[in-house]
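These notes concern the structure reproduced below.
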Amino acid sequence: MTSNIKLACVMVGLPARGKTFISYKVSRYLQWLGIKTKVFDVDDYQRKLKNILYHQDHCELSETTAEKQVLDDMLDWFQLDDNKTKATMSGTVAIYDGTNITKAKRKWIHDTLNNKNVQVLFVESQCDDDNLIRENIRNVKLSPTIMQQEKAIDDYLAYVNKHKDTYETMTEPDYTYIKLINAGQQYVINLVRGYLESRIVYYLINLNIKKKRIWLSRHGESQFNVQDRIGGDADLSPRGEEYARKLPSLISKHIGDELPLTVWTSTMKRTNQTARYIKYPKKQWKALDELDTGVCDGMTYDEIAKKYPEDFIQRDQDKFNFRYSGGESYRDLVLRLEPVIMELEQHERILIIAHQATIRCLYAYFMNLDHEQLPYARVPLHTLIELTPTAYNCEEKLYKADIESVDTYRPKFAGVENAKKSSNKTSGVSGEIIDSSEPILPLSPHP
Ligand code: F6P
C-alpha cells in the first residue's frame with residue numbers, strides 16, 4: 001500500500017459557494033481520522049498581503065501574488081512533513097481554498113503541484129440557488145447587524161457577479177475532480193482513484209452544507225456510574241431516571257417543538273431508558289455503544305489500577321491509542337463512529353444520546369480536537385450539548401438539567417498516581433478528587 005501520498009484538494013468556484021465551509025469540514029474530518037491536513041486560504045494570504053479589509057479591494061495583481069505564496073507555502077509544508085515526520089499510511093493533505101475559476105489558473109496549479117509529486121483533486125462548488133448564496137455570505141463573509149448585512153450582501157453579490165463572465169466550470173478530461181452542484185443536488189465525479197481521494201469524495205457526497213445544529217447528551221447517571229464502574233449495561237440510577245423524565249422539557253425549551261427531531265441512541269439500556277419519555281422517532285445504533293473495555297468491563301478504576309497497573313499507566317500516557325485487552329481504543333472508536341458521522345452530515349435535527357467516550361469522539365469531530373485532547377474532553381452528565389458548525393469552527397452551548405450526578409471525569413495522570421500507589425502496596429488507592437468546575441475543552445482556535 002502507498003504510504004506517502006501527498007494530495008492537494010484544490011477548491012474551485014465563485015465566491016460565496018461554500019468553499020471555505022467545505023475546506024474546513026474536509027480538514028476536520030481527515031484530522032479526526034488521523035490524516036495530517038492543513039487548509040491554505042487564499043483570502044487570508046490576500047488580506048495579510050494587502051493589510052486592508054477583505055471586501056474593499058480585489059485587484060488581480062495581489063490575488064496572483066497571494067496565490068503564488070499559497071502554492072510555495074503548501075509545497076514547503078509538504079516538504080517539512082517529509083523531513084520531520086514518518087509518512088502516515090494514508091498520506092498528507094493540503095487544502096487550497098481559493099476560487100480558481102479559469103482553466104488557465106487550474107492548469108498552472110495542477111502543473112506546479114504535479115511537478116513536485118503532489119496529486120491534485122479539484123473540488124468545485126457550483127451554485128445558482130440565490131438563497132443558498134445569500135445564506136453563505138451571511139454565515140461566512142459578514143459580521144453582525146442585519147440591516148448592514150443586507151446592504152453588504154448586495155454589494156458582495158455585485159462583486160461576485162463581476163466574476164461570472166470569466167468563470168469556466170470544470171470539464172478538463174484529464175484532471176481528477178468532483179463537482180458539487182447546488183449543495184448536493186447533483187455530483188459530477190471524474191478520474192477519482194485510490195483510498196484517500198475516494199474517502200474525501202465519499203465524505204463530500206454525504207456533506208450537507210446548509211447550516212444546522214446537532215444535539216448530544218450522555219445517558220442519565222447509571223448505577224455503574226454511581227459505583228464508579230466502567231462498561232457494563234446497567235440501568236439508570238434514580239437521578240438518571242430524573243434526567244430522563246426532564247429531557248423532553250429540556251428539548252422543548254432549547255430545541256423547540258415546531259419541527260420533529262430524530263433521536264439516535266446506542267443499543268445499551270441506559271441510553272434507551274434516557275430516551276424513553278421523548279416522543280420523537282428513535283433509532284438504535286450499535287456503533288454508538290460505549291467504548292469496549294474488554295477484560296476491565298465492570299471494574300472500578302481502582303480495581304484496574306491494582307490488577308493491571310502497567311496498563312493503567314500506559315493508558316494515561318497515550319489514552320487515544322491505548323486498546324483495552326480484549327476491547328477497544330479511542331482510535332478504534334473513531335473508526336467505528338465514522339458511519340454515524342456520515343449519516344449525521346446528511347440529516348438535520350438529530351439528538352444523539354450516547355456515552356462518555358462515544359460523545360467525546362463525536363464532539364471532537366465537530367470541535368476539531370486533536371487526538372491528545374479528544375479522550376480528555378469533558379462531557380458532563382445531565383447536560384444537553386448543542387453544536388452549530390460554522391465555516392471555521394463550531395459554536396457550542398450547554399444546557400444543564402440541574403440534576404446532581406457523580407463526576408466520571410478522570411484527569412490525565414490520575415491513573416499513573418493511582419497505579420504507583422497501588423504497586424507500592426500502599427493502602428487506600430481511592431478516587432482522587434475531581435474538579436468538576438473545570439470547563440469542557442474550549443473551542444479550538446481559528447485554524
Ligand atoms: O465511566 C463511564 C464510562 O462511560 C465508562 O463506561 C467508560 O469506560 C468511560 O466512561 C470512558 O471514559 P475514560 O476513557 O475517561 O475512561
Side-chain angles (χ1 to χ4, degrees), residues 216-237 239-240 243 265-274 285-309 311-334 336-337 352-364 369-383 385 405-419 430-436 438 440-441:
L216 306 172
S217 170
R218 285 177 70 184
H219 53 79
E221 181 189 75
S222 74
Q223 294 185 358
F224 259 31
N225 290 150
V226 177
Q227 296 162 17
D228 199 25
R229 295 191 183 283
I230 63 169
D233 194 13
D235 291 314
L236 295 182
S237 74
R239 292 189 299 202
Y243 179 65
T265 65
S266 73
T267 63
M268 297 179 137
K269 283 199 281 182
R270 52 198 188 276
T271 59
N272 285 283
Q273 288 173 3
T274 306
W285 283 80
K286 182 81 185 138
L288 284 172
D289 283 2
E290 182 53 312
L291 180 79
D292 182 348
T293 50
V295 294
C296 296
D297 190 66
M299 293 170 79
T300 67
Y301 289 117
D302 292 347
E303 286 165 358
I304 301 170
K306 279 184 193 149
K307 198 165 177 195
Y308 305 107
D311 284 4
F312 213 48
I313 291 174
Q314 256 188 39
R315 186 162 199 256
D316 263 350
Q317 279 163 351
D318 186 2
K319 195 172 173 189
F320 185 79
N321 287 302
F322 176 84
R323 180 181 283 148
Y324 279 103
S325 172
E328 288 176 306
S329 63
Y330 272 90
R331 183 179 288 281
D332 296 329
L333 197 50
V334 162
R336 159 145 76 83
L337 285 165
I352 297 184
I353 302 178
H355 306 263
Q356 177 156 255
T358 40
I359 298 269
R360 274 179 181 151
C361 293
L362 300 172
Y363 178 83
L369 303 187
D370 63 28
H371 290 175
E372 279 277 309
Q373 297 170 306
L374 180 157
Y376 293 100
R378 269 193 176 273
V379 188
L381 283 164
H382 302 171
T383 306
I385 304 171
S405 66
V406 291
D407 188 348
T408 57
Y409 186 80
R410 291 187 61 260
K412 196 171 182 174
F413 297 125
V416 176
E417 287 313 307
N418 276 356
S430 62
E432 62 285 354
I433 295 162
I434 291 161
D435 176 16
S436 59
E438 204 176 298
I440 201 158
L441 278 166

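Values below: every heavy atom of this structure, side chains too, minus hydrogens, waters and symmetry copies. We count ligands from 1, going down the list as the structure has it; atoms in each ligand are counted the same way. By convention here, the first residue in the shown sequence is residue 1.
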Notebook entry, point to check: Any side-chain heavy atom of D228 within less than 4.5 Å of one from V406?
Noted result: no
Notebook entry, point to check: Going by the atom numbers of ligand 1, which of them fall below 4.0 Å from some non-hydrogen atom of R360?
Noted result: 12 (O), 13 (P), 14 (O), 15 (O)
Item checked: Donor + acceptor pair across side chains of T267, D289 (<3.5 Å) -> yes
Check: Can a cation-pi geometry be assigned to R410 and Y301, taking NZ or CZ under 6.0 Å from the six-membered ring centre and within 45° of the ring axis?
Finding: yes
Notebook entry, point to check: Relative to the heavy atoms of T293, which atoms of ligand 1 are at a distance of less than 4.0 Å?
Noted result: 8 (O)
Notebook entry, point to check: Below 6.0 angstrom between ring centroids: does that apply to F322 and F320?
Noted result: no
Next item on the list: Could you tell me whether the side chain of C361 reaches within less than 4.5 Å of the side chain of V334, counting heavy atoms only?
Entry: yes
Margin query: Taking CD in E372 as the centre, count heavy atoms belonging to other residues, nucleotides or ligands within less than 6.0 Å. Is the count above 12?
Written below: no
Checklist line | Protein residue, atom and distance nearest to atom 10 (O) of ligand 1, heavy-atom basis | finding: Q356 NE2, 2.9 Å
Next item on the list: Go through ligand 1 atom by atom and flag the ones less than 4.0 Å from a non-hydrogen atom of G231.
Entry: 5 (C), 6 (O)
Margin query: List ligand 1 atoms under 4.0 Å from R315, heavy atoms only on the residue side.
Written below: 13 (P), 14 (O), 16 (O)
Margin query: Please confirm whether E290 approaches ligand 1 to less than 4.0 Å, judged on its heavy atoms.
Written below: yes
Next item on the list: Check each atom of ligand 1 against the heavy atoms of Y330 and keep those under 4.0 Å away; list them by number with element.
Entry: 11 (C), 12 (O), 13 (P), 14 (O)
Margin query: Taking only non-hydrogen atoms of Y376, do any sit less than 4.0 angstrom from ligand 1?
Written below: no
Margin query: So if I count the atoms of ligand 1 from 1 in the order they appear, which ones are less than 4.0 Å from some heavy atom of N225?
Written below: 2 (C)
Margin query: Could you check whether E328 pairs with R336 (Lys NZ or Arg NE/NH1/NH2 to Asp/Glu carboxylate O, under 4.0 Å)?
Written below: yes
Next item on the list: Indicate whether any N or O donor in one side chain lies under 3.5 Å from an N or O acceptor in the other, for S217 and Y243.
Entry: yes
Checklist line | For K319, the ligand 1 atoms whose distance to one of its heavy atoms is below 4.0 Å | finding: 13 (P), 14 (O), 15 (O)
Margin query: So, 4.0 Å and heavy atoms of Y409: is ligand 1 close enough to count as a contact?
Written below: no
Check: Between Y301 and ligand 1, is there a nitrogen or oxygen pair with a distance under 3.5 Å?
Finding: yes
